[in-house]
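For the numbers below, each heavy atom of this structure counts, side chains included, while hydrogens, waters and symmetry mates do not. Every chain is numbered from 1 and lettered A, B, ... according to where its sequence line falls, protein lines coming before strand lines.
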Protein chains: 4
Amino acid sequence: MHLAGELFAEKGFRATTVREIADAAGILSGSLYHHFDSKESIGDQILSEFLTDVLAGYRGVDTDDPRAAIEQVVRASTATLSRHRAALTMLQRDWNYFSAQPRFAYLREAMHEIEQVWITLFERGKRDGQFRSDLDAKLTYRLLRDVLWMPTSWRQGEGGWQPDEVVDGFLRLLFDGITARNGSTARN
Amino acid sequence: MHLAGELFAEKGFRATTVREIADAAGILSGSLYHHFDSKESIGDQILSEFLTDVLAGYRGVDTDDPRAAIEQVVRASTATLSRHRAALTMLQRDWNYFSAQPRFAYLREAMHEIEQVWITLFERGKRDGQFRSDLDAKLTYRLLRDVLWMPTSWRQGEGGWQPDEVVDGFLRLLFDGITARNGSTARN
Amino acid sequence: MHLAGELFAEKGFRATTVREIADAAGILSGSLYHHFDSKESIGDQILSEFLTDVLAGYRGVDTDDPRAAIEQVVRASTATLSRHRAALTMLQRDWNYFSAQPRFAYLREAMHEIEQVWITLFERGKRDGQFRSDLDAKLTYRLLRDVLWMPTSWRQGEGGWQPDEVVDGFLRLLFDGITARNGSTARN
Amino acid sequence: MHLAGELFAEKGFRATTVREIADAAGILSGSLYHHFDSKESIGDQILSEFLTDVLAGYRGVDTDDPRAAIEQVVRASTATLSRHRAALTMLQRDWNYFSAQPRFAYLREAMHEIEQVWITLFERGKRDGQFRSDLDAKLTYRLLRDVLWMPTSWRQGEGGWQPDEVVDGFLRLLFDGITARNGSTARN
DNA sequence: TATGAATGAGATTTCATTCAT
DNA sequence: CATGAATGAAATCTCATTCAT
């Protein structure tokens, strides 16, 4: 349910009451239970759809060039993430709560698969000589994920940036950093 | 209260019950109220100490060189943030909850002051020719803050990185990106 | 409805939900209301059919000899009860619930009629000298009814007894007790 | 809690609400949870105390003579049962509900131990020649238990019998039946 | 200061029943 | 007749907070 996701994103999963969801849907709280088994099954549905979508994006990479692959992953991620903004916020905010439950074991599995994709790309780029040889693949992934996966709410509206601007700015920063230089390599 | 902060960091502010805090302290829940007015006053105390400390770090910058200043700010932030991991998690997770309350108005003010410091540094670096002239100062700040302010739990232990390694990796990424190049400009 | 009765017997009237009955019938819960006015009307139908049947058995006694009459009543009761196991369990388990409602006033009336039959037989047997003169008719009836009316689930299958074996065992116990004696007076 | 047991006995475990218990105790429903973890833990406490007491009575038999032992068991049972009238009714009424839960596994175990005591006594009496040799020990136990364990509510007040009268009537019935005879063997 | 019983508001969930289609 | 969405009352339970001792 889309409405529920918005509320979970805005107020947090625990802090959002079933009654608030029902109110937003224009029905009584008890009536929600015709559509869902429990509050947690709503969260389950939102999160599992989200991760299925994210993984599909990662698996759709169709190039062997690490730099190009990273660009594809970033653009795919960003698109997916903005489509599932609510789910992403839920995941960030209540990761400890969700990931501790057996029902949500797939969260850890999906995150692990995602990490592997990034690390593999970094390592390949280092062997190719395309990336700095002293790059710590795992550390870099962790730092990146923090940016890419940050609740994207501020990326729309508030700052007035278009999604593409944010992605371009991010890729530029990722490949080249902020230092001025002759002949930048970013942005094909 | 330090114990309370740890619990808030682990389970979230809302999800942590007063009884859990009291249990951790080895007293009964009712007895907590001899030490604190309310659960929110515990949160208030933790968060305000945290932000006071962060701002002190930002105000301690003692150089006019943007690049050096950014390094100082990053190192100071990282140190402060790792000292207040609990507070940081609380802020991230329940930002909407806290920032909506008049009692926590200082949160927005502090965040605004921090943003101004970064933007000023970026703009000065662009004028100096030290940073790329097409850098979007505000966007870059937002992207950076996401990394710097991410709950840092993963940065210790799990990956086995020392704090300095994380900071260095971050600065290197920030200044130079991941692309290989002759004559890196990063430190050490 | 037979399905409903089985469920009431298995889980109790209160604990059985309308949806469970509908599920067992292969329809949706709302559709049940095309067949019945309410959950209680299902209970009403089951219980009234049961008691009608029981009373018919009691009224069918066609001998004046108390001992023979008791045998007839016991055999008739046992047969009826095993045909209405579900109803019997409902009556036992939720007697307080049903008997407090005006709709189910006939329950008390039927039970009273049954008690009168037994007491009359005992008193007649005492006058005849067939039964012990110190027999407390009412107390004996109460003790007996407890056995006869016990939910008979254990009497089938589990122990492997045939219905006749149970009845014979009961009658033998009733007439002679457990003590060994020369020349038993029990049947077969 | 004694009050809760009375209500459970009167209305059934499921049908008794936590609020009714709290009302009876003169507190609010939420306040009950200072004393008990859950409604079921109240039931647990009541039932386990009851069965502990019953088993103690059975284990206290101090004679090898089957007839005397049965009398001891009956008298002990009756005393215990009347002390735990509420628990007994709960057990009868909601046996299916309780015994299906892992938490209440001890119920089945206790009932099994009790059954063994009776069967052993009957078998010994048959070998001694004291009881009828054609007595079905298990069937007789089941019939007896139905009487002894029937909710004893009616045994007080309504009929006006003293507990001893009921026990004596029961024992007389058990040993000798209802048939008139020269020289009864009942009642030492 | 600590205890522990109690409060009272509110959360999630259940369920018999209704009704437009 | 059946569906399935919705109702609304009520049930169990949680939890921050208070207060007499």
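For D:His34, whose side chain is taken as the heavy atoms from C-beta onward, the closest listed nucleotide among E:dA5, E:dT13, F:dA11 is E:dA5. Distance from the side chain of B:Leu28 is smallest for E:dG4 among the nucleotides F:dT17, E:dT13, E:dG4. Among E:dA16, E:dT13, E:dA6, the nucleotide with an atom closest to any side-chain atom of C:Val18 is E:dA16.
The shortest distance between the side-chain N/O atoms of A:Ser31 and the OP1/OP2 oxygens of F:dA5 is not below 4.0 Å. Residue D:Tyr33 has no polar side-chain atom (N or O) positioned under 4.0 Å from OP1 or OP2 of F:dT14. For E:dA2, one of the phosphate oxygens OP1 or OP2 lies less than 4.0 angstrom from a side-chain nitrogen or oxygen of B:His35.
For the pair D:Asn96 (side chain) and C:Glu10 (backbone), a donor-acceptor distance under 3.5 Å is present.
Judged by Watson-Crick or G-U wobble contacts below 3.5 Å, the nucleotide E:dC15 has F:dG8 as its partner. Look at E:dA20: its Watson-Crick or wobble partner, with both distances under 3.5 angstrom, is F:dT3.
When rounded to the nearest whole Å, the span between CZ of C:Phe36 and P of E:dT18 equals 15 Å. Per the geometry, CG belonging to D:Leu7 stands 16 Å off C1' belonging to F:dT12, to the nearest Å. Rounded to whole Å, the distance from CD1 on A:Ile27 to P on E:dT12 is 14 Å. When the P atom of E:dG8 is taken as reference, atom CG of D:Asp23 falls 13 Å away, rounded to whole Å. Taking atom CZ of residue D:Arg19 and atom P of nucleotide E:dG8, one finds them 13 Å apart after rounding to whole Å. Taking atom CZ on B:Arg14 and atom P on F:dA16, their separation rounds to 11 Å, with Å as the unit. Rounded to whole angstrom, the span from the CG atom of C:Leu32 across to the P atom of F:dG4 amounts to 14 Å. The distance between atom CD1 of C:Ile42 and atom C1' of E:dC15, rounded to the nearest whole Å, is 14 Å.
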Requested in this report: Could you go through the side-chain contact (heavy atoms from CB on, under 4.5 Å) check for C:Trp95 and C:Arg108 one step at a time?
Outcome: CA-CA 10 Å; C:Trp95 170 259; C:Arg108 285 189 185 281; 4.1 Å; yes

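A:Thr89 and A:Ala9 make their closest contact through CG2-O, 3.4 Å (heavy atoms, listed as atom of the first residue, atom of the second, distance). Scanning all heavy atoms of the two residues, the minimum distance from D:Ala24 to D:Leu3 falls at O-CD1, 3.7 Å.
Using a 4.0 Å heavy-atom distance criterion, C:Ser41 is classed as making no nucleic acid contact. Within 4.0 Å of D:Ser38, counting heavy atoms only, lie sugar-phosphate atoms of the nucleic acid but no base atom.
Of the two residues contacting DNA chain F, namely D:Thr17 and A:Gly30, the nearest-nucleotide position lying further toward the 5' end is that of A:Gly30.
A salt bridge is defined here as a Lys NZ or Arg NE, NH1 or NH2 lying under 4.0 Å from an Asp or Glu carboxylate O, and C:Glu20 with C:Lys11 meets this definition.
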